[in-house]
Amino acid sequence: MTMKTVFKRTNGLTDTPTHYCPGCTHGVIHRLVGEVLEEMDILEDTIGVASVGCSVLSYEYFNCDMTQAAHGRAPAVATGVKRVLPDRFVFTYQGDGDLASIGISEVIHAAARGEKITVIFVNNAIYGMTGGQMAPTTLIGQKTATTPFGRDESIQGLPIKVCEMLATLDGTAYIERVSAHDVPHIQKAKRAIRKAFEAQKNRLGFSLVEILSTCPTNWGLDPFESLEWVKDNMIPAYPLGVYKNIEGGK
């Protein structure tokens with residue numbers, strides 16, 4: 001009797017075990033990107049740009065051509081790659097520390113220029129790789145290694161909302177915020193990632209998908225509690241949805 005295949009590895013990822021902490025959803029997000037690249041049949045035509053942070057080794061995991069950028073400079077590197085090879089699909093994979101802190105000018109100006117690249121932006125509201133310091137996306141009241149009493153608006157200011165900010169720029173074509181805290185939202189995240197790559201395919205402009213993710217290690221929570229924390233705390237602070245869709249008229 002031949003059994004029906006209900007699950008298989010995506011060819012969009014290499015057969016390399018990831019280094020991520022238990023409960024981190026980077027691995028899930030990697031798979032979503034890999035599946036989209038495979039299903040769109042563009043793996044051979046894609047070049048990814050790895051950032052600095054927890055996903056610094058993503059060039060080991062994605063089964064397409066990859067390059068490494070200096071801290072925060074992935075959109076600038078992607079810009080160069082796309083301009084030299086305009087027929088390739090080019091994406092960056094960045095965390096909130098890399099994108100929203102040291103790299104904030106890079107992503108803003110790439111978006112303002114309408115660079116036809118796709119950014120996968122993973123937001124877990126903390127610096128994961130370097131010990132759990134406050135990030136630009138850390139929530140008000142959230143405790144981190146550098147805000148042990150919680151982020152204080154009067155001292156550290158307010159969190160940066162990347163989707164809302166970039167959606168105001170004329171060069172952006174598709175901007176959406178999704179989450180990876182449960183299966184229905186993971187499915188929505190995959191659809192958003194595909195839409196972002198389709199915007200690049202149709203040469204509409206800059207596209208970005210922000211994905212709310214977990215950091216059990218630095219949040220001091222177990223994996224299940226971390227997923228609940230995303231739902232109960234991050235989503236109210238960072239509302240999900242499409243912030244811009246040129247093709248859809250938004």
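Scope of the values below: all heavy atoms of this structure, side chains included, with no hydrogens, waters or symmetry mates.
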Taking L13's backbone N and O only, do any of them form a donor-acceptor pair with T10's side chain (distance below 3.5 Å, no angle check)? no

Please determine whether side chain to side chain contact (heavy atoms under 4.5 Å, CB included) holds for the pair N233 and W219, giving the CA-CA distance in whole Å, both sets of side-chain angles, and the decisive distance to 0.1 Å. CA-CA 12 Å; N233 296 278; W219 290 354; over 6 Å; no

Closest approach of A180 and I29, non-hydrogen atoms and distance? CB-CG1, 4.4 Å

Connected via hydrophobic side-chain network under 4.5 Å: Y127 and L57: no

For residues Y61 and H26, is any side-chain donor paired with an opposing acceptor at under 3.5 Å? no

Using side-chain heavy atoms (C-beta onward) and a distance below 4.5 Å, is F121 in contact with D96? yes

So, does Q142 use its side chain to make a donor-acceptor pair with the main chain of T138 at under 3.5 Å? no

Side-chain (N124) to main-chain (S213) donor-acceptor, under 3.5 angstrom: no

hydrophobic_cluster_shared for I102 and M165, side chain cutoff 4.5 Å: no

Distance from T25 atom OG1 to I211 atom CD1, nearest 0.5 Å? 8.0 Å

Quick one: does E106's side chain have a donor or acceptor within less than 3.5 Å of a partner on G103's backbone? no

Is a side-chain donor or acceptor of R151 paired with a backbone partner of L158 at a separation under 3.5 angstrom? yes

Give a yes or no on whether E44 atom CD has more than 12 heavy-atom contacts from other residues, nucleotides or ligands under 6.0 Å away. no

Return yes if a side-chain donor-acceptor contact under 3.5 Å exists between Q200 and T118, otherwise no. yes

Is it the case that E164 and Y243 place a side-chain donor and acceptor less than 3.5 Å from each other? yes

Rounding to 0.5 Å, atoms CG (L221) and SG (C215) come to a distance of 9.5 Å

Where is the tightest heavy-atom contact between P75 and I117, given as atom of each residue plus distance? O-CD1, 4.1 Å

Which of these passes side chain to side chain contact (heavy atoms under 4.5 Å, CB included) with L99: V122, V107, T92? V107

Strictly distance-based, threshold 3.5 Å: is any side-chain N or O of D65 a donor or acceptor partner for the main-chain N or O of T46? no

One should read off an interatomic distance between R194 CZ and L37 CG, to the nearest 0.5 angstrom, of 10.5 Å

Heavy-atom nearest pair, P216 first then P22, reads CG-O, 3.6 Å

Could you report the tightest heavy-atom contact between S179 and A189, atom names first, then the distance? O-CB, 4.0 Å

Salt bridge present between K188 and E176 (N-O < 4.0 angstrom): no

Would you sort out whether E39 and K190 count as a salt bridge (charged side-chain N to carboxylate O under 4.0 Å, His left out), showing the intermediate values? CA-CA 11 Å; E39 291 167 9; K190 182 177 177 179; 2.7 Å; yes

Membership question, hydrophobic clusters at under 4.5 Å side-chain separation (ILVMFWY): are V242 and L212 in the same one? no

For the hydrophobic clusters of this structure (ILVMFWY residues joined by side-chain heavy atoms under 4.5 Å, transitively), does one cluster hold both F206 and V81? yes

Report yes if some heavy atom in the side chain of V209 is under 4.5 Å from a heavy atom in the side chain of V178; otherwise report no. yes

Do Q68 and V52 come within less than 4.5 Å of each other through their side chains, counting heavy atoms only? yes

Closest contact, heavy atoms only, A135 versus A125: CB-C, 4.3 Å

Tell me if the centroids of the rings in F62 and Y93 come within less than 6.0 Å of each other. yes

Could E198 and K201 be called an ion pair, given the rule that one side-chain N must be under 4.0 Å from one carboxylate O? no

Has D98 got a side-chain atom pairing as donor or acceptor with G72's backbone, closer than 3.5 angstrom? yes

Counting only N and O atoms by type, is there a donor-acceptor contact under 3.5 Å from the side chain of R73 to the main-chain atoms of S51? no

Report yes or no: does E38 contribute a side-chain atom to a donor-acceptor pair with the main-chain N or O of N11 at less than 3.5 Å? yes

Tell me the closest heavy-atom pair linking A192 and Y174, and the distance in Å. O-CE2, 3.7 Å

pair V33-V36: side-chain heavy atoms closer than 4.5 Å: no

Chi angles and distances behind the side chain to side chain contact (heavy atoms under 4.5 Å, CB included) call for D45, D87: CA-CA 8 Å; D45 301 313; D87 293 330; over 6 Å; no

Any heavy-atom pair between the side chains of P148 and K143 that's under 4.5 Å? no

Euclidean distance, L208 CG relative to L166 CG, rounded to 0.5 Å: 6.0 Å

First locate atom CH2 of W229, then atom CE of M234, and finally report the distance between them rounded to the nearest 0.5 Å. 6.0 Å

Side-chain contact, heavy-atom cut-off 4.5 Å: T147 with Q156? yes

Any sub-3.5 Å donor-acceptor pair from Y238's side-chain atoms to T137's backbone N or O? yes

Lys/Arg N to Asp/Glu carboxylate O, K82 vs E115, below 4.0 Å: no

Which distance, rounded to the nearest 0.5 Å, do you find between the CG of L240 and the CD of E210? 9.0 Å

Membership question, hydrophobic clusters at under 4.5 Å side-chain separation (ILVMFWY): are V28 and I193 in the same one? yes

Step by step, work out the ring-ring contact (aromatic ring centres under 6.0 Å, His included) result for F224 and H181. CA-CA 9 Å; F224 178 78; H181 73 278; over 10 Å; no

Pair S55, S58: side-chain N/O donor-acceptor within cut-off below 3.5 Å: no

